[in-house]
Protein chains: 2
Amino acid sequence: MPQPPKRATVHDIAAAAGVSRGTVSRVLNGGYVSAEARAAIEAAILEVGYVPNTAARTLKMRRSQAVGFVALEPHSLFLDDPNIGAIMLGANAALSLADHQMVSLVVESARDMERVGRYLSGGFVDGAIVVSARTHDPIIRVISDLRLPAAFVGHPPDLERTIPYVGIDNQGSARAVTARLAATGRRRIGMIAAALDRDSGIDRLAGFRAALGATFDPELVAEVPHYDYGSGVKGMRLLLERDPAIDGVFAASDAIAAGALETLREAGRTVPGDVGLVGFDDSTWAVRTQPQLSTVHQPAKEIGAVAAQLILRQLSGEQPTPAGQLLPTPVIWRDSA
Amino acid sequence: MPQPPKRATVHDIAAAAGVSRGTVSRVLNGGYVSAEARAAIEAAILEVGYVPNTAARTLKMRRSQAVGFVALEPHSLFLDDPNIGAIMLGANAALSLADHQMVSLVVESARDMERVGRYLSGGFVDGAIVVSARTHDPIIRVISDLRLPAAFVGHPPDLERTIPYVGIDNQGSARAVTARLAATGRRRIGMIAAALDRDSGIDRLAGFRAALGATFDPELVAEVPHYDYGSGVKGMRLLLERDPAIDGVFAASDAIAAGALETLREAGRTVPGDVGLVGFDDSTWAVRTQPQLSTVHQPAKEIGAVAAQLILRQLSGEQPTPAGQLLPTPVIWRDSA
DNA sequence: TTGAAAGCGATACCAT
DNA sequence: ATGGTATCGCTTTCAA
């Protein structure tokens with residue numbers, strides 16, 4: 001095992017400049033140091049080609065200036081969920097402003113889960129943003145055992161009431177779009193409900209049900225596993241089978257809506273003529289379909305930014321307010337309903 | 001600034017078990033230690049709730065067991081480029097097997113660029129996978145100055161001939177599909193060429209041109225900035241304007257092809273009847289359009305895996321072979337051409 | 001203002 | 001087999 005090449009240290013600078021390491025550290029960080037000493041040291045830094053060793057700094061300071069970003073989606077998150085990327089970008093921008101490095105960690109296997117747990121606990125990060133955690137995810141334990149500053153995106157698992165979170169009002173928005181579908185004269189309104197193992201999926205279904213009240217018919221809910229196009233195709237077929245007279249559909253995501261739209265077209269139904277269709281996410285899907293989708297806007301970047309603030313605030317000493325905050329989700333009415 | 005809570009150390013374990021730190025380290029890592037000492041230490045570990053401090057370990061070992069993943073795409077990479085995600089997943093899987101943590105770093109601003117440079121040089125990672133680097137990207141300097149083990153995805157910048165890389169034969173595949181378009185009787189073949197500021201874009205155009213030889217007509221090349229849907233729409237409009245009789249189109253990506261397809265439909269052209277259309281990437285786009293796209297398959301996961309191997313090999317002492325390797329890209333013939 | 005020295009947490013060498 | 005000690009690179013008292 002070859003060692004990496006030896007690199008210049010504070011010690012080397014001190015030797016080259018003829019001062020002590022303390023003085024070098026003072027010019028590096030800031031503190032009282034004479035003009036001549038400063039000049040000599042700055043020259044020495046260039047001369048020896050100094051590169052600070054952040055790992056050593058982290059050890060001493062107990063601060064890495066890095067924040068982990070962990071998405072616990074069920075597989076290949078980056079491939080189809082458009083929100084994750086935007087949330088990452090939002091979080092990164094906010095952390096960047098505060099001079100913190102965001103490092104994102106992929107969790108695909110049990111092995112990953114364990115390794116990431118070790119990574120988070122090893123001092124490589126000062127905090128962690130966790131997306132789509134479920135109660136039994138081991139990461140949760142690591143975070144709460146270590147009291148690692150953290151923020152959840154989406155409802156936190158019930159067990160964990162001490163970690164702040166940020167999310168959207170899934171239930172409220174679902175209720176709003178469903179009500180509008182009803183208000184525009186749709187009588188047989190169905191839903192393609194996905195991801196019922198996580199809060200976003202559960203809440204969207206709850207909102208749909210609440211909006212319909214007594215007229216809610218469980219037959220008109222097609223349950224599918226994921227928020228993707230293929231699930232939309234499957235879900236819509238199911239719905240058409242169960243009730244050919246269906247005239248309104250709330251799809252739990254834009255990708256699902258796109259799949260449903262294609263299926264409706266194949267079945268000879270027009271949208272919004274025969275069937276009113278609403279999606280969720282306001283992703284690129286929504287404007288690429290024909291007709292363009294009415295949908296619920298998710299402020300993904302802001303969500304990321306708020307999550308970052310939640311971490312930053314804890315790092316600067318504030319108590320983690322166990323409460324969460326829900327960001328507004330305007331409904332965008334386009335052409336599909 | 002509150003310090004993180006104090007955590008148990010090897011020292012604490014040693015005290016609790018009544019042995020020296022050396023012995024504790026031996027049970028932690030492996031070495032000669034008596035059964036009774038081992039038992040006492042293992043009990044002590046649980047008792048004090050020991051969590052290893054990886055930062056300290058990194059400092060001592062000069063190894064972090066982490067590898068950086070840096071994508072230098074022009075903005076919001078995760079949002080529309082389907083390949084990046086798959087490459088990441090492939091790299092992560094390979095690194096995971098070798099018990100290395102992949103940490104991916106977003107670069108969106110100049111500030112990000114600088115901070116990521118510091119991060120890479122600070123000892124937080126043992127190596128770095130770099131996607132889509134351009135010659136002037138500061139990261140390149142950091143890596144080569146530090147001799148940080150690295151691997152490029154895509155052609156490395158010309159200046160840098162010492163870093164191994166992995167990619168695909170963009171030029172060869174472009175030539176193959178274009179030739180086929182010609183072989184099936186298309187006479188007026190155009191291309192929507194994107195990302196001409198990077199090798200993938202340049203090479204695909206070069207392949208197209210080579211295949212056509214003397215019949216190449218620069219008028220039939222529409223240049224667009226990105227590999228996205230919107231660019232496909234714009235590019236196709238341009239092409240139709242320049243030559244309404246166009247009967248073959250090679251799109252530099254599936255997203256572009258999808259945009260072109262929609263535009264052709266709006267212009268009243270049938271595919272593949274009036275116009276033969278080929279994409280690139282074999283992404284989900286390709287199977288969602290109607291008709292499904294003929295396209296070039298990119299083995300994104302393998303690319304990630306090979307990049308990871310390239311790093312791992314250097315970490316275990318092999319000299320970085322400056323050569324690169326190109327992975328095969330089968331052409332998938334579906335319905336659009 | 002500066003230097004000397006202690007210490008962050010872990011590992012490895014050298015005696016014993 | 002085990003304990004003591006030096007060391008990784010950096011920051012931070014404490015004196016001078």
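Here is the naming used below: chain letters follow the sequence lines, and residue numbers restart at 1 for every chain. Basis for what follows: all heavy atoms, side chains included, without hydrogens, waters or symmetry-related copies. Quick caveat, the model's predicted, so the values are computed rather than measured.
- In this pair, B:Phe124 and A:Phe124 present their aromatic rings perpendicular. The plane angle is above 60°, beyond the 30 to 60° band.
- Note: CG (A:Leu28) to P (D:dG9) measures 15 Å, nearest angstrom.
- For C:dT2, one of the phosphate oxygens OP1 or OP2 lies less than 4.0 angstrom from a side-chain nitrogen or oxygen of A:Ser34.
- With rounding to whole Å, B:Met61 atom CE is found 18 Å from C:dG9 atom P.
- DNA chain D is contacted by B:Val19, B:Ser20, B:Arg21, B:Thr23, B:Arg26 of residues 10-27 of chain B, taking any non-hydrogen atom closer than 4.0 Å.
- Annotation: of the two residues near DNA chain D, B:Arg38 and B:Lys60, the 5′-most nearest-nucleotide partner is B:Arg38.
- Rounded to whole Å, atom C1' of C:dG9 lies 18 Å from atom CZ of A:Arg118.
- We find that CZ of B:Arg63 is positioned 13 Å from P of C:dA12, with the value rounded to whole Å.
- Using a 4.0 Å heavy-atom cutoff across all strands shown, A:Ala55 reaches no nucleic acid atom at all.
- A:Ala151 and A:Ala307 make their closest contact through CB-O, 3.7 Å (heavy atoms, listed as atom of the first residue, atom of the second, distance).
- Looking at A:Glu108 and B:Leu89, their side chains come closer than 4.5 Å, going by heavy atoms from C-beta outward.
- Going from atom CG of B:Asn53 over to atom P of C:dG7 covers 18 Å, rounded to whole Å.
- Rounded to whole Å, atom C1' of D:dT11 lies 11 Å from atom CG of A:Leu59.
- Here C:dT11 is the nucleotide among C:dT2, C:dA10, C:dT11 with the atom lying nearest to any side-chain atom of B:Asn29.
- From A:Tyr119, atom OH reaches atom CG of A:Asp112 across 14.0 Å, with rounding to the nearest 0.5 Å.
- Within the 4.5 Å cutoff, no side-chain heavy atoms of B:Val106 are placed close to those of A:Phe69.
- B:Thr58 places a side-chain N or O within 3.5 Å of a backbone atom of B:Thr54 that can act as its donor or acceptor partner.
- When the nucleotides D:dT7, C:dT2, D:dC10 are ranked by their closest atom to the side chain of A:Pro52, D:dC10 comes out on top.
- Of the candidate nucleotides C:dG9, C:dC8, D:dT2, D:dT2 has the atom nearest to the side chain of B:Val33.
- The side chain of B:Tyr32 approaches D:dA1 more closely than any other nucleotide in the set D:dC8, D:dC10, D:dA1.
- With respect to A:Tyr50, the side-chain contact (heavy atoms from CB on, under 4.5 Å) criterion is satisfied by exactly one of A:Ile41, A:Ile13, A:Val24: A:Ile13.
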